[in-house]
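Because the structure is predicted, anything quoted here is derived from the model rather than measured.
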Amino acid sequence: MIKLKIYGSRNCKICEKIKKSLQNFKRKDIEYKDIEDLKEEDLRELKEVLKEKKEAKIPLAVEEGQVCEIIAGKDVILAKCGDRIKVIYDKEYDEAIGALRFFFK
């Protein structure tokens, strides 16, 4: 079910912010991993995805072999994928969905 993997570092404020946000939202389609805690299998998978790149900024996201850079703002988390930008989290959208869920319980 995991569609998007986000890799970050414990030494990065943005990575930690994204990690906490994802934990709070309990997203099951996104998995966050600290680079410092990667096991050999994780490193092989990441190396395979990054084979064409000499370097990558942290945090980064991987979706079906495509590498994205993560851009985090106060109310939004974006993934920049080539010439496209995907919205991973939008506070206003999340609040609107939360309100709808409240009314339809």
Side-chain angles (χ1 to χ4, degrees):
M1 178 174 177
I2 295 171
K3 200 172 176 197
L4 184 69
K5 290 184 181 181
I6 297 178
Y7 297 90
S9 174
R10 286 189 297 258
N11 302 322
C12 173
K13 290 179 184 178
I14 294 173
C15 294
E16 286 300 316
K17 197 180 210 181
I18 289 170
K19 182 179 181 178
K20 286 179 185 172
S21 294
L22 292 174
Q23 288 171 344
N24 289 338
F25 304 130
K26 298 176 180 148
R27 299 272 311 254
K28 296 190 190 296
D29 59 333
I30 299 175
E31 180 179 10
Y32 182 93
K33 292 188 173 194
D34 286 317
I35 294 224
E36 295 86 357
D37 296 336
L38 294 181
K39 295 182 175 37
E40 193 173 325
E41 181 181 317
D42 297 318
L43 289 171
R44 269 185 276 155
E45 182 181 333
L46 189 55
K47 186 177 176 183
E48 178 66 28
V49 172
L50 294 172
K51 64 184 170 194
E52 301 295 321
K53 290 184 165 246
K54 299 281 185 207
E55 64 180 48
K57 290 182 181 180
I58 293 178
L60 63 96
V62 175
E63 181 179 15
E64 298 174 11
Q66 181 174 344
V67 178
C68 310
E69 293 176 25
I70 302 295
I71 303 162
K74 184 178 178 184
D75 296 334
V76 68
I77 298 173
L78 305 171
K80 180 180 170 277
C81 308
D83 61 349
R84 297 178 303 145
I85 293 181
K86 298 179 194 177
V87 177
I88 294 177
Y89 168 72
D90 178 7
K91 183 178 180 180
E92 287 182 19
Y93 176 78
D94 195 57
E95 288 173 353
I97 294 298
L100 285 173
R101 286 184 186 143
F102 176 76
F103 286 113
F104 290 108
K105 278 188 175 181

S.K.: Please table the atom pairs, donor to acceptor, closer than 3.5 Å between any side-chain atom in residues 9-20 and protein atoms at least two apart or in another chain.
M.R.:
residue : atom : partner : partner atom : Å
Ser9    : OG   : Asn11   : N            : 3.2
Ser9    : OG   : Glu36   : OE2          : 2.6
Arg10   : NH1  : Asp37   : OD1          : 2.8
Arg10   : NH1  : Asp37   : OD2          : 2.9
Lys19   : NZ   : Asp34   : OD2          : 2.7

S.K.: Quick one: closest heavy-atom pair of Tyr7 and Val62, and the distance?
M.R.: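 Closest pair (atom of Tyr7, atom of Val62, distance): CE1-CG2, 3.8 Å.
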S.K.: Treating Asn24 as the side-chain partner and Ser21 as the backbone partner, does any N or O pair qualify as donor plus acceptor under 3.5 Å?
M.R.: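 The answer is no, because no donor-acceptor pair under 3.5 Å joins these two groups.
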S.K.: Residues two or more places apart in sequence or in another chain: which of them pass side-chain contact (heavy atoms from CB on, under 4.5 Å) with Glu31?
M.R.: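 If we apply the side-chain contact (heavy atoms from CB on, under 4.5 Å) test to Glu31, skipping adjacent residues, the hits are Ile2, Lys5, Lys33.
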S.K.: What is the distance from atom NZ of Lys47 to atom CD of Glu40, rounded to the nearest 0.5 Å?
M.R.: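 The distance works out to 10.5 Å.
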S.K.: Minimum heavy-atom separation for Gly8 to Ile58, with atom names?
M.R.: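 Taking every non-hydrogen atom into account, CA-CG2, 3.6 Å.
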S.K.: Less than 4.0 Å between a side-chain N and a carboxylate O, is that true for Arg44 and Glu41?
M.R.: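 The answer is no: the pair does not qualify as a salt bridge.
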